[in-house]
Every structure is written in C-alpha cells, then in structure tokens.
Chemist: 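One structure follows; several queries about it will come next.
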Amino acid sequence: MSFMFRQILKSCRACVCAALVMVPALVAIFSMAPSAYAQSATTGAIGGTVSDTSGALLPNTAVTVTSTDTGTTRTVKANAQGEYRVSDLTPGSYKVSFTADGFQTKEENAVTVTVGGVAGISPQLTVGSTSDKTEVTGQPSLLDTDNNAISSTIDQNAIDNLPINGRRWSNFALLTPGVVSNSDGFGLLSFRGISVLLNNSTVDGADNNQAYFSEERGRTRASYSVSQSAVQEFQVNLSNYSAEYGRAAGGVINTVTKSGSNAFHGELFFYDRDSDFGAENPYTTLTTQVAGTNTFTTYPYKPKDWRKQWGFGAGGPLLHDQLFWFYSYDQSQRNFPGTARASDPTDTFAAADSTLPNGVTCTGGNLNTTSGTAPGDGAACQEANALNLGSGPGAYQAGAAYYTQGLGVISSFLGAVPRHSDQVLNFPKLDWQINDRNRLTLQYNRLRYSSPAGVQTQASNFYGRGSFGNDFVKEDFGIARLSTVLSSNIVNSLLFQYGRDFEYESSQKPLPNEVPLETLIGDDPKAPAAAPDTQIGYEFDGTGFDIGRSYLGERRALPNERRMQGEDIVTWSHGLHTTKAGIEVNRVFDYVDNLYEEGGSFSYDYSYDFIADYLHKTTGVGGTNYAPQYYSFSQGFGNPRAELATTDYAGFVTDDWRITPRMTLTLGVRYEYEYIPQPFAPNTVGNGLTGAAYAGPVSQTLNKPDDRNNIGPRVGFAYNVFGDSKTTLRGGYGMYYGRIINSNIIQSYLLSGSQNGQVDFQPTASNKCQQYPNIFASAQAFVSACQTASGGLNSNTISYLDKHLQNPQIHEVDLAVQQDLGHQTTFSISYMGSMGRELAAAVDQNVSPATASRTFEVLNNTQPPVSGYTTYPHGGKPPALIANSLHTYKEYTTASTAFPGYYHVLEFKSEVNSSYNALVMQLNHRFSDNFSFLSNFTFAHALDYNPYLSTGYGTSSELLDPLNPAGEYATSSLNVRHRFVAAGTYRVNFPSLTRGWEKTFINGWGIAPILQIQNGLPYSAGVTQSITGTLYGGILGAGGTARIPDLDRDSYTMPKTATVDLRLSKYFTKHIGEHEYRFEILGEAFNLFNHQNITSVNTTAYCLSTAPPPTTTATTGVSCKPVQALPATTAANYLIANPLFGTYLNSNSNTVLTPRQLQIAGRFYF
Amino acid sequence: MCKFSGVSLSSALRTLAEVGLVSVVGLGCVAGAQTAPQLLPYTTKVVAGTTTVSGVTPKANPAAGGNCPSGLKATDAYGDGCLATEVIIGTTTSPTGPRDAVADAAGNIFFGDFVNGIVHRVDALTGVMTAVAGGATASPQAGIACGAYTSTDAKGDGCLGTAVHLSKPTALALAPNGDLYFADYGYGNVRKITATAKVIPATGGVISLVAGSAGTTSAGFTTGYNISNATTTVTAAQSILDGPYGLAFDTPVSPNTQPDLLIMDEYTAAAVALNLNTTGSTKVNNVTIPAGTIWKIAGTVATGAPTYPYCVNTPGTNPGCAYNVVYSAGNQANQTPLRSAYAIASAPNGNTYLVNEFYDTILQVDPSGVLTNFAGVYNKTGSSTARAVAGTNAIGSPFGVAADAYNNVYFTDAAYGNVWRVDAGTKEQFLIASGFGKSGTTGFASATLPGPGAFGISVDANGNLFFGDTEMGTVTEIATNAQFGTIGANQPTQTIDIHFGVGDGPAATGAYVLSNGAGNFALGTQSCTTNSDNTMDCTLPVTATPTALGAFMATLTITSSLGGTNAITLSGTYAQSPNTRTALSYTAPSLSCTGVSSFSPTTPVVFLATITANGPAAPTGSVQFYANGAAIGAPQSITTGGTASAPVYTSTLTYTFSTPNTYTVTAVYSGDSYFKTSTSVGTNITSSNPTFASSLNTANEENAVVAGGTALYSFNLAQTVYAGTITFACSGLPSGAACSFSPTTVTANGCSTGTTVAMSITTLQGYVTAGGFGSFGKGRWQLMAMFPAIGLALLIGLRRRKAGARWSQIAMSLALLVGLSSLMACTGTKIAGTGGTPKGTSTVTVTATGSAGITSSFTVPLTVN
C-alpha cells in the first residue's frame, strides 16, 4: 500500500462522524422542490433573517457557514434588517453558526444546500453569552419565498431511491410539469411545447450540449453521459428562470456532480436487466417461411435484451480540509438484438399460387381475373414479365417459382440483428481548497461508447439486418473552475472548459445475401464495400424497409465537435440586493464528414421488382435484354467534409431585490449573440459539375445571418403572502433566445447546389440509366450516363439561410400560488405561458402562385378489418371527410423563374410563432414518517405554425403550402393536453424494533412507485400518392407534408400512454464502530402492467387517385386500397379512405416507453 | 406485241377460246379510246398468309407433322400442307415473305417466300399451300443424284424444285407452256420449274437454270454482270446477273413461238431481255436479240460490276448517262439510267413498263425503244389519291407493275399502300384499292418490318390482280369477281364492276344479257357512277345459281350506250360432288393440357374426325379409326352439327393406348351412296410410361456465396405424361446448409410439360455472441449472489479486525470489485463463434421423387467462401 493511500485512509477516519450525519440526511431529504431559487448553475446558498426571541431583527449578526464535508468556512454579517445570505455554496451539508453580541451562539448542524436553492435558516437568538451555544437541528422552510422562477431540483435522494431504467437518471426530468417527451422515441424533452432542440444542458455550469444536433453531448444512443454515481443532483428549470441561464428557448437542465469530502465514502453497484423476465411486444415480429411451404408467416416474438451495469463512485480527502478526490467508474453492456421487419409483411410476403389458377391469364405482367386469386399471384405474374419469361401459364409458373425464391432472399434480410452496446465512463475530479478564499475544481469526464448495429436502437424497425449501422461515441470534457471569495459579500467564479464530442457511424458488414450487391464508393477508397441503400416495398404502405448501406452515408464524423468555453460570474450581496453579473464565450468547432446517399439509393415499389433485379444480378436470369425494375435511383456527390465554427457571446446582470421582508423582486437582463461565419460553399457559379447539368448561381447562398438584437429582459417577483412562509405568490416575465442550430447552418451551407457542397443526383423515374446495384464513381460519370438517357435528370434541391434569420425568441409568463398544508405537504397551482417568436421554418421559394385547382371526391371504405390486410387488434379512425363530398384544392404547377433548373429551393427563415398555455397543480409531501410523495397534473395546449424541428438533411419543405404559412396554424406536434405524474417512496423503519433479526428483516424494506399518464402525441391525417403533372407532387402539387388541407395539422392524437414503474428494495445495514455500511438489493419493474403504449400508428388517412379505384378483393400492387362501391357519379379524382388509418403499428418501442422490463440490482454503500 | 405479266395474251386467248369462254370482241392491242366495257378488279381478299399485327408476334407455323389450325397436317415448318390463309409467310420475327404472286389459268397461285427461300403454290380448289421449289437445307451438287434425277450444277438444277435450296425468290412469271419462271435475288439467277401437262402440280416439277450463274457451291453465287453488248454476244448460259428482281414475258412475234423473258436486274439497275427461241432474232425496245442471247434493253450498265452511279458514259455529255440527271423524252431506254428498278411489265401493244422506284416513277418504253415518263413525277413523292392523268400526280414508292390484255397498266405504291390503274383509253390514273402495308404513312421503312408493303403485282387472264404485301405478310388478290371458284349450295353473290369509256355507259336496254348457261347466274341491279374523266363505272351483283354439279359458266354480254360490247365469261365450280375430305384431331378430356401428343397408357384419348362433304344431303356411313393400320374401335357413326347453312359432320372415338408405342392414327370415312370415301392425314400419337426428368439451368445460378448467404439455382422438371406429386430433396449439403424449393412440390397432371423449379440453398453464418456476462449464461445470477456474499464477508471480517485492518480490507475489497468490474469490461468484446457452414466446395445432389419409385437426380456445386 502506498504511503499516499495510507494517508488517505488515515484522513478518512476523522470523517466518520460527518458520514454518520450525511447518510441519514440523504435518506431524510426528498426534495422535489417545485420551486427552488435559481441561485446558480452549480451552487446554492443559505439565507434568512436573524431575530431575537421577540422577533426583533438583529443586524450585524455574524453568520459562519462550515461545510461538514470539506471543512470550508465562510463568514458574512447580517445587514441592518437582520437579513443575511451566504451564496455560492457547493451543494452539500453545512453547519451554520450565528453569533451576536449579547446573545447565545446558535448553531444549525445539518443544513442541506441544493443546487440553485437557498436553504432558509431564520433563527431566533436567545439573550446570553456568545460562548453559550445552542445546537438545533431543524427543518428549513418548505417554501422558498424569495424565488420567482419555476424549477425543480432532483436531488441525490430521488436519484437513488426512485426506480430508474438503465440508470438513465435524466428521465426523472419527466417528473416535472410541463415536460414531455417527443415522438421520435429517443427521450428528448420538450419544455412548454418548445422544440426539443432548443434546450440547454449544463454540467457543473459548463455547457454540456452538442451544438451540431442541439442535444446533450453524447446524444441519446448512450443512456447517459455522466454516471449516476457521479451526480449529486440536477435542477430542471422550467420557466422564467434567471438571466444567468441562456442559450435556451426551452428548459435548462443543470447537473451538479459529486465531490470528495473529508470522509471516504462511496458506493459499488451492479444492475442487471434481462428480457427473460420482461414482456413480449406484440409488434415486434418476425417473418419466416413456413417449413415445406411457399408461404410466409409473421408472428410476434421477444428478442433478447439484457443489460449489465456496474461500477463505483467514491471520494475522499487527499489532504484533510484541502484536497479532495472523487472518482466514478461506470460501465454498461447491453445485448439487445434488434429486429428488422417489413412495414407491411402481408404485402411484402404475399404468397402466390404456384400455377396459374383456372380462368386467369397472365400476359405482359398483367393478371386478368374475374375470380379470387392468392394475393401474390399478381406479383408472380409481374415477376414473369420482369424476367422475360413470356406470357401464359408456363411463364406464370416460372415467375411464381422465382418470386417465392426471392421472398426467401428477402426474408433473409429481416429478423434478429445481433446488437450490443458497450459504454465506459470515467470521471475523476479534484477539489482543492487552496485557502479560505480560493477553491479550484478540476474534473474530467471520459465516455467511450461503441455499439455494433446500434445506430437504430428501437426494438424493431424497418431496416434490414445489415442496415442498422455501427455507432460510436467518444466524448471528453474537462472543466476547471476557480471560485474566489473576494470579500465576505463578493464571490467570483471563473470557469474554463474544453470538450470534444466525436460521433461516428459506419456500415455493418454486409449480410451474406448482400455480398453480391456490394459496390464501392467512388471517391473514398477507404469506405467499405456494401450494397447500396435499397428500399423495398414503398408502395405497399409508403414505408417499406431498407437494406444495404444507409442512405445517410458513412458518418465518418457527425460531428467531431470541439468546444471551448470561458465564463466568469461575480456575485455581490449588498444591502437588500444580491446582484450577479457574468460574461461568457462559447466557441464551437464542428467538423462533419458525411455525404447523403453517397453509396447510392435504389427504391423499389414492390418486392417482386426487387426480386427480379436481385435474381438478375446474381443468377443472370432475365437474359441480356433484361430491363431494371427499380422505381428510382439517386446518388449523392460532392464534398462531404465541412467545418464550421460558431461563437456564442453572452453577458447578464440580475439582481434579487428584497423590497420588503415579504416581497422579493428579481430584475435581470441577458444579452446573447451567436456569431455565424460566412457560407463555406456558396453557389456563385452554379453547380459546375457538368456543363449539361448546369443550373445557375443562387446569390442567396451567400447569405450570412447576423442577429445582434437578442436582449432578454427578465422580471419576477416572489411574495410571502402572510409572512409566515406558508403561502407564496410568485410570477414573472422574461424573454429567452435559443440558438440557430449548427446542423441547420452546416446543412444549409452544404446544400447550396455548389460543387463544393453536396448534390444529390436523381434520374427521372423512367430513366433506368444504371443497372442495380451499380453506382457511379463520380458525378461526371453519373451525368454522362444519365442526363442524355431517356427522361434525363431531376433537378436538385438546394437551401440557404435567410440573411435576416433570427435566433428563436420565447416570451415566458408565469404565475404561481403555493401553500404549505402542514405535515410536510405543499400544494401549488401555477400558470405557465410561452409565446414563441422568430421560430424557424424551411419554406420552398421555388413555387409560383397556383393558377389551377383540382376537385376530389371522397370515397369511404368500410372500416377495418379489411380482408387481405393485417389489422392489429386495436386502433382505426373513421374517415374524417363526408363520403362522396367534393373538395377543391389549388394546385401548383409551375416553378418560380427566380431559380431555374432547381427543384425545391428551401429558405431557412424565421417566420413561425407558437403559444403554450398550461395550468399546473402539484401536491408534494416532503419525506417524513418514512414517506415522501410528489404529484403534478398539467393541463396544457400548445399551438404553432409548424416550426422546423429537424437537424437532418433538408430535402423538402415541411409546409403543406409554402405560400400560405398561416394555414399551418394548429396544435403543436408536441402538444400533450393532459399529463399526470405521481411518485413516492416509503421505507419501513420501526425504531421500536430492537432485536437484531427483527431489525434486519423488517426494517429497511422500501417501495417506490412512479406513475405517468398522459394523452398521446398528436399526428396529422396524411395522404399517399401524388398527382402527376404537378410541380412537386403531393395533394397540392407543392410537395411538402402529405396531409389533408381540410383537416388541421396534428388534429389526431395517439392513444394515451400510462406507465407504472416500481422499485422494491431492502437495506442491510451494519454499523462497525462509527461507520455504517449498507448493502441494498433491489428489484425494479418498468411498465409494471405492461400497458400497450402505442408509439406508432398508421397516419395515412386517404390515398389520392386520379382513376377509379379497384373494387375487387385487395391484390398486391394496388396503391390505393380497394373500395367496396363506387359512387353513382364518378369524378376524375378521388380521396380514397384508408381503412387502416389510425390502426396501431407499434407500441412500447422507444427509449421512454418499453414493454414491461424487470431489473435487479445490488448496491453497497460505505 | 401484246404482253402482260404471267401469261401471254395470245396464249391466254387461245386457251380460253378453245374452251369457248372468251370472245375476242372489243379486245385489241392497239392503244386508243376504249370502245368496249371492261371489268375492273373489284374485291380484295387475302389468299395466302395471315395478316401481321404490329407489335404482336404471330403464332409460329406448326412444325413438320404438326397440326395446322384447320386440322390439316403440316408437311414442313413453312406452312406447306396447311391452308394458305392460316400460316405465316416468313418467320415469326420476319413474317414478310411474299414479294410477288402470279396465278395460272386454273386459279392456282404461285408466290415466293423471300425470307425462307421457297416458292409456294396455293391450290385453287382446296386452298392448301404446297412448296414447288426450295425448302432444302442445301442443294444437291452437280452429279449428285436427287431421287430419280441427277443434279446438273451446284444449285441442284435437274432435280425436283423441292430438293434444292433457294435464297430469295422474288418475282414470278408463267410461260405459255405452263412453266413457272422465277427470279432468285439472293443467288442472282432466274430459274424455271417445268410444268406437267402445262400445269405446275402441287408437288412442283424439275427445276432448271434460265439465266444468271449457278455459282460453284450450294450456297454461293457469282457476282457480276455479263450480258451482250456491241462487241460480245452472251448466251443465257453465259450470263451473269447481280440482283434479278422483276420478271415478265412479252408476246412472241411470228415466226417466233416463244416469248422473250424480260428481267429487271435491280442491283445493276438494268432491264435485260432473253430470247428463248432456238432460232431467229427478236426485237425488244428496239434492241435486236439473237436467239438464245441476252441483251440490255434499259439502263446504262454495259458490262462488269456496276460503278455507282450506274453510268458508263461520260457524265454530262449524255443526259441519259449522268446520275441524277433527268432523262428526256425520246431517249433510248438502254442509254437511260435507272435506279432501284424492281419490276418490269410488257403490254400487248408492245410497250414495256419499268419501275424506277428511287425516283418515284413508272417509265414506258415503246417498241422503238423510246423512253418516256408514264406515271408519277420524277423524284417527287405524293399521297394524292385523286383521279388524274398519269404522270401529273406524284406517287410514293412503286415496286410492282403489270399490264392487262387491254393495255391497262397496274402498279403498286408501297409508300401509301395503293394499287393504281392507268386506263389505256384515257391515260387516267385512278385507285383500284388502297390500305395495304403502311398505308397512309410516308415511306415504308418500319422499325419491326424490313420491307415495303404492296410489292410486285401481276394480272391474270381474267383481269384479277395478285400482289405480295411484304409488310402485312400476305398474298392479296383483287378479283374482278367473274370467277366464283368452288361454291357449295349457298349460291353466293359477287359484284362485278364494269368500266365504260369516255362518254359511254350501259345501254338503256339490254345492257346485260346472259347466255350460254344463263340459268347458272342471276343478275342484280346495276349502280353507276360517272367519273371525272367522263367515264362511267357500274357495279352489278351477280348470283351463281347452278343446278348441276361440276363446272358451270355463262356469258355475260355487256352492251354500252355507244354500242360497244364485251362478252364476259362468268364461271365457277359447283362442288357438290362425291369428293369428301376427312380431318382428324384429338383431345384428352381427362387432362387439363392441350396440344400434346403423348399420353400415358391409361389416358383415354378422344379422336374427332371432321368430314367435309358438300352435297345435297348430309353424308351417311361411318368412320373407322386406325392405329398403325389396324382398326381401333368399331366404326363410328356420323353426327351432324353446325348450322343449316354451314353444317359440320363429325365422328368421335374414345380410345386408350395401353401399350406404349408411337401410333399413326387415321380416320377413314366410309363414304355412302353419294359421297366418296376419304382418309385423313395420319396423326402421330405416343403412348408413354409416365416419367419425369430434371435438368439444371446452369446458365442462371449463383453457386458461390459467403457463409450465411443463399445460393440460387433453378432447374426444369420435364414431365412425360406423369400424374402425381413430385417432391424434392437435397443431399450432400455441408453442415448448417439447407435447401428449399419453389414450388415445394409439383403436382403433375398427366400432361407432358415442363415446370420451372427455383431452388435455394441457405447456408449458416458463423454466429457472433457477446462476451462478458453473456458468456456466463444463466450463471450471472450466481454472480449477483456474490455481492451479498462479498458484503457479508466484509462485514464479518470487519467486525473481527482492528480498525487499520478494516480499512485495508475495505480497500482490498474495493480493488477486488473494481477488478471484477474491469474483468467484466475486458471480456465484453465480441467473440466470433463457430457453427456456420464451413468454407469449401460441395457437390449437392438434388433428387426429385415421384410415385412408384420414379426419381430424377442431378448435382449442383456449392461453394462457401
């Protein structure tokens, strides 16, 4: 044992007493404070009023605060009104001493400071000698009467005692009102109906965001980027928070990590979750061939999913009262095979009769019949035609043979996907109390995450087994903070951070049956050979599934982001004021290396089309006159690499002014400026790749936004209504600014149409200038082969930033009343409002006003189930439009002359508003009598004009009608009308039990449930198919979202979701000398009742058709489902109701919502 | 001289006069105003070939021995043995065989199949097509015996025509003695088939070389151009032709007895004439031709290979010799350049007509050799169908020309699908018919069909026109309708079209008088139209009303208002006769398949004999079926079906051939008191034991895969009258591999058919397992149990140790757990597992198994990389 370590151990002995105090304190305090004071991103404070026993205020009382963890001491004097505040205290336990001449010294020995909170201690001193001490251990006030903000702090007790799936502690943010998870399933949070991309995450006050995707660093594939064992607590700022917080239009999640203390403490943990004890998801299905037959069957199954997490967190002193260490090691391994499935297996694997049925003919791919045939007979006939087998019974028979053979190949692309993830976190931290005035903190967080086949994390999805993609994350950040007490009332905090978030993805090794399809990317010899992206079965239901290399390309870096941050904040407590001011610089370097569709992308409408191309490629069947059967082909070219550096400047001043002992007014202002560099790939000469494919320059791609007017005033009040701290009224207003997301900037710059950007070439659908699966080595080769071929090329989509693009602007208003009900219970009712302005939208500028119109007649089918289609047990929506009613919509047919030669021209501009209004009721019980409880109910409505919520590769406008943005006004896609959350803990603890076995086996049991019930997320009634001859297709001809103009956006909601998570635990404690050692074993159930929370529904309400739909039994290859009767008077165009609209497609298939899962764990505290 | 295509006028008249069918009133060879009414070709009908539909591949002709749609038996793969109207002339991909056609006095039609190299004959009575020349894969070489004959040269001359190989037969002409002359464009010669008793029978005759070279090999030919000129006299045997296309005879001038053979050599753009007489010279186009020699009568090529442009004289000095220089009226024809000259005709008045297709004109050469433009406008195309004086309207692409006994000239316009007539009396040019080939379009080139439409044309002695429509693949007749052909009891009505001269028309009274068999016909009501040239056309329905079987005729005397008369012979054959025809077909009702000839020994076959009998009453008697000459079953009665106007007489027999063998089955109608007996063509039936065989489609397989991949194969399962289920299995598969079939089983229905079976061999990929805890399997719970154990040990140990030791123990325990954690991390790498299909090449045996122990196997390679 080294000398150093021996010293460490020795020094720890002295900390035993402190430990004995701290551990039960952690158990006793369960503070999900609905409104804590936004004191600081990393620290809290102790404050209050000193009086004598008569209530007279005592000025100039010396208040000494001593950390029981580290021994650090601070001393301030109460002001003339007897008020005091000791700010910038590291969260933890403190001893507070009050000394005034003529009075006995009074000590509070266990005051807990939480991040952003003010521990209110207002003692009454007794006349006597200062040498006489009175020790009191009391409860601080339930209500924070000084703070106007709405926020919640999830402390370590909550983190430790509530059930937590996969130690993803940030999920607890969902326990706070006004917070919902969005629909993409990755657990991103929306605050007050604001985009999930406009939040801010900090760790110990340092920016913990990845600017490119505008999410928390490390994003969401990894469960967490900071180990739970390293988290002291975190604060969720919901509304009207301090001017200290910025770069957010939504919420701010502020995480504080643990530090070492004079005591040696820590924990070991091991968590095990295994699907063996979990439930089956009926939507996780496999499709396999029935042995000995030519039919395929689809059935649910439960894929393997186990996760092991282990590690430790421990800290202690290196030098007593001076130097402290903390180290957290956290590793998790997960084996969670994914499931690749077809979106519509019924059609994809439709079985064919092996011989042509009687009375049926097969000529030229057309199956003519007046009698029923197997669903796949049409496919077999098409197969015969595609493979040049001729016509007639013999050709059909051979076509059916090859078709069924091909289905076997297709089925090999689906099924279970070996998928793992391995994450290792290391977190060392040093705190050096240099002297009484200076404290230096150095910390480093290192995350390594690798996940073969882990890009797609859903239980099942529509990617082939070889197309999930490998996922890697390397995250490092180091923070240095110097806190200096300049005087008893002035504290300065200087912070510097350097961080890197390197995320990359690669193709999986091709599946064996993809090997014959392998191609190389022309300009990247290092790229592995892989099959091109191949979408199969789009026409079955508008989705299909993909095999081969992802169309997103090899993500060699997306991004490799480096961040440097410097910040300085001064806090000055003076008189009735506590003033804080700070400046901050954040410089982010984003490097991306990724080219959309660089490996080519083929699309097949039907499985038989793909089978023909596959068999021809592999076996040559079809002969030399074979014609490719894919529907479309495209390939991306250009420079995939880009680097862009943004710099965020910010400064703020905020002042808490205690106008009267009951009233605190907070005034603040914050200024932010996001510097965006010049476009690195402007389109000044056209794409220039080839002469023939030339399209002219677009001067707008030189635009560089420069929004300098982001001044955010913030004002609030907190009123202690009756002066007894039992009733508070608080409210406020503030302006907040989000960031212009780096990916939107980079992708817009890249998609300029310039040869230095990225260009996606696509021949017209009739131009089969390439044999599947070949791709082109260069853009020149592509254009040379395809441009002059029949049909030529489609024009390219480009984008640019509006030069007046603004940072998103949010106005927040709130008003809350909170009442202490006694018995450690509070009730509050709050109003929260947000008004979004200058939110971004991607608007197609290449559309000329519509001069034409088209009338559709509504054809309604009977509702499900419909013969021939799989309908799951639940779901389905009635058609919204009246049967046989006529609907006339305008139709765009011509492009703007300002952008000749281009397809969509997307302008990224600020023109969207939003609103959010919520009423929140909360009932909380602070831990007492072995019991704690929190609950809240949110009644909210979010509306907006359809803001742009994507960070991806922009290819089309998100608006239904680019010339009518007002028509987008409707319920937000993030709207959750009702949400109820409840959580509690109960721990069996009978002090009366004295016998050892009774204490051991009766005490220490704990139960902790979490209940979450909410309305489902909204969705729109969509349409499929396009009207040919229009400008961009879609129902209006303008491309954009495919929904019904008559129906409001997001006017449907998915079924409500409900989950119950439960933890049962048992402590075993052992006191050895002055130490307590505790071993805890716990079992957890998530979604205990396995409620089928629907996560995906069929959103296709209608199918557009310019010809009468079929009336016969459904057959493969029918784009629009058949109707049962045509109207008496037929029109030229139809809206054919989809009988499957609203039916459920998936449940419990994301990060937040899962089938029932069970987990057991063991933890050892020392 | 008075000449027309195919048959010399004098010969024809003589023949007709001999049988009393023709009067010579009004006929004359001197051009002038028409004085007597004439019949116009009026009704168009296809007499051979099936009309081609653009974009649709026609059904192939039955193979030799196969059944024709009519139930007749094909004698070769080119449609011979079948009805001429149920076959394609050419091939399925090029059904463009006919180039020209002629008809003999009996109405038999001859035409050349340009694609297959066959000269066909269509029987006037039965409509059955037979080959009279060509069809052999190679010609017997000189000195080689060919049946009862011996070949005299490399092209098989001296043999029967059907024993030789032809290249590209084009135009034909019938000599007065009945010999059939035809040009072979591919071999560059003109040959003839010798008639028997002045008629070419259905089986043809001996073939011999007339002009041009026979070449030195069966398939070769001598190129060049060798005819007489001012310094050298060339006999027919010495001549060399390069591309003979058009053919015609002129009228012999006494004392000569043989007509001259006029040949249009398209390749050298020259018209030549061969004096077929053994003595005495003739004169054609003012060119004197000694007996047996061949001379150029139009065009400019002198000798040797032609040099383009085809002019041997100095350009510019003679307007007739310069390429692209318009000839002038009055030039000698043999000094005038031609281009794309496809056809030639000779009129009774001695004029010669030449097709100058490239320049869109028909040229006329009078007996003095002077050449003038006759129809069309030089180097100008036009689609007008207006009636106008010939030479004023532009036309499209003329490919054929013919002249009738009245010196009227007919020519085809392939570009616009027209058949024109130039009236000898008025020189007016007017449409006879239109809509042939690519009618209505400019130019005849087509993406799918190589030739032009209406091509070479001829007119027979009765004024009927015959031409080949290469684009539609047919031989077409435009009939005057004076001949009714073979009729039954239905007394058909045909319309004749009578053309009256300028200012003329039918007489007010007695315009149409029947005589010499007036009871055989009845006349309807005329309908007349006055043309723009003041001529008149009248249509007159004529109904055949014979009362006695056999040939019938009558004379229709037409009298015009100006006093002109013409005695037209109306004729036909009332075929109510004892002759019958029996056709045989068969089916197997217990099977779902059709068109097969092999059956199992247990499958009943239903034979259907169809008797064609045209008589006053239904045939009686019975039909006896024979197999290999032995009677099978009892004589079967005859059933009458169909309709009253079209009765169908049939007889059936259901028979099972229990002994495997090949049987030739015939049906023999017994005849009755009125009808004669007839025997069907033999039909081959095979009785076979059920079996099947499998054969791998080696051209389309993917037999090399990586482990986990799917190897793809397909094979054909040929079933011979097998009924039952056939299953499939593999053996010899490497470990982890499995095979599957599509269809998984084949249910054979007893037919002889083929089934495509797709076979997949799936291989197994070496699986990958996660290490770390995964390798602990269920033992992970034991690991979980370690935690309380460790904790308990710690607590127990701690209680018994001193404080310093406790801290050491804590530290050690911490290190232990950290180490354990690290161990878990280290073992968390992925381990490539085993169990996949091993690499290497295997030979997999695939076995198809049916009932009764029938199996068929083959092997496929499988390579796993």
Side-chain angles (χ1 to χ4, degrees), chain A residues 1 5 9 12-13 264 266 268 270 272 274 289 292-294 306 308 310-312 314 329 331 333 335 354-355 358 389 394 397-398 400-409 412 418 420 422 424 452 511-513 515-516 615 618-621 1068 1070 1072-1073 1075 1077 1079 1081 1160 1162 1164 1166, chain B residues 592 697 699-702 705-710 712-714 740 742-744 746-747 753-760 762-763 765 767-770 772-774 780-781 783-784 787-788 790-792 794-795 798-799 803-804 806-808 810-811 814 817-818 820-822 824-825 828-830:
Chain A
M1 184 179 296
F5 192 60
L9 294 180
C12 287
R13 294 180 204 164
F264 174 58
L268 299 169
F270 175 74
D272 186 2
D274 198 309
Q289 189 167 9
T293 74
N294 282 339
W306 64 245
K308 323 293 177 188
W310 64 91
F312 68 92
Y329 176 85
Q331 180 163 4
Q333 284 194 348
N335 179 11
S354 57
T355 56
N358 289 331
L389 300 174
Q397 184 275 319
Y402 287 118
Y403 168 69
T404 306
Q405 183 184 42
L407 292 183
V409 174
S412 75
H420 309 266
D422 188 356
V424 178
L511 296 173
N513 281 341
V515 170
L615 295 182
T618 53
T619 71
V621 63
F1068 299 93
K1070 184 68 179 177
I1072 301 174
H1075 292 275
Y1077 301 93
F1079 179 74
I1081 185 166
I1160 61 173
F1164 178 67
F1166 55 89
Chain B
S592 59
N697 179 8
N700 297 122
E701 67 179 31
E702 171 85 347
V705 297
V706 298
T710 306
L712 305 169
Y713 310 84
S714 63
S740 62
S742 170
T744 52
V746 171
T747 302
T753 184
T755 301
T756 299
V757 181
M759 181 181 76
S760 304
T762 57
T763 59
Q765 188 175 18
Y767 54 80
V768 175
T769 58
F773 278 100
R780 60 190 181 279
W781 302 109
L783 188 65
M784 282 299 303
F787 278 86
I790 294 171
L792 191 61
L794 281 169
L795 296 180
L798 286 170
R799 190 168 59 180
R806 290 173 195 153
W807 285 115
S808 299
I810 290 173
L814 181 60
L817 291 179
V818 171
L820 185 60
S821 300
S822 301
M824 296 169 184
T829 56
K830 311 303 176 289

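All of these numbers come straight from a predicted model, not from anything done at the bench. In what follows, chains carry the letters A, B, and so on, assigned in the order in which the sequence lines appear, proteins first and then strands, with residues in each chain numbered from 1.
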Chemist: When A/Pro512 is tested against each of B/Thr763, B/Val705, B/Val706 for side chain to side chain contact (heavy atoms under 4.5 Å, CB included), which residue passes?
Modeler: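 Answer to the side chain to side chain contact (heavy atoms under 4.5 Å, CB included) test with A/Pro512 among B/Thr763, B/Val705, B/Val706: B/Val706.
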Chemist: Among A/Ala401, A/Gly620, A/Gly408, which residue forms the greatest number of heavy-atom pairs with chain B at distances under 4.5 Å?
Modeler: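 Highest number of pairs under 4.5 Å: A/Ala401.
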Chemist: Please report the shortest heavy-atom distance between A/Thr404 and B/Ser742, naming the atom on each side.
Modeler: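 In this case the closest contact between A/Thr404 and B/Ser742 is CB-OG, 3.0 Å.
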Chemist: Check A/Tyr402 against B/Ser714 and note the closest heavy-atom contact, atom names and distance.
Modeler: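 Looking at all heavy atoms of both residues, the shortest contact is OH-OG, 3.0 Å.
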Chemist: Return the OG1 to CG distance between A/Thr619 and B/Asn697, rounded to the nearest 0.5 Å.
Modeler: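 Interatomic distance, A/Thr619 OG1 to B/Asn697 CG, rounded to 0.5 Å: 8.0 Å.
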Chemist: Determine the minimum heavy-atom distance between B/Asn700 and A/Val621, stating which atoms define it.
Modeler: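 The pair with the smallest heavy-atom distance is ND2-N, 3.0 Å.
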Chemist: If we ignore hydrogens and angles and just use 3.5 Å, is the side chain of A/Gln405 paired with the main-chain N or O of B/Tyr713 as donor and acceptor?
Modeler: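 The answer is yes, because a donor-acceptor pair under 3.5 Å joins these two groups.
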Chemist: Shortest non-hydrogen contact from B/Thr756 to A/Gln397?
Modeler: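 Looking at all heavy atoms of both residues, the closest pair is O-NE2, 2.5 Å.
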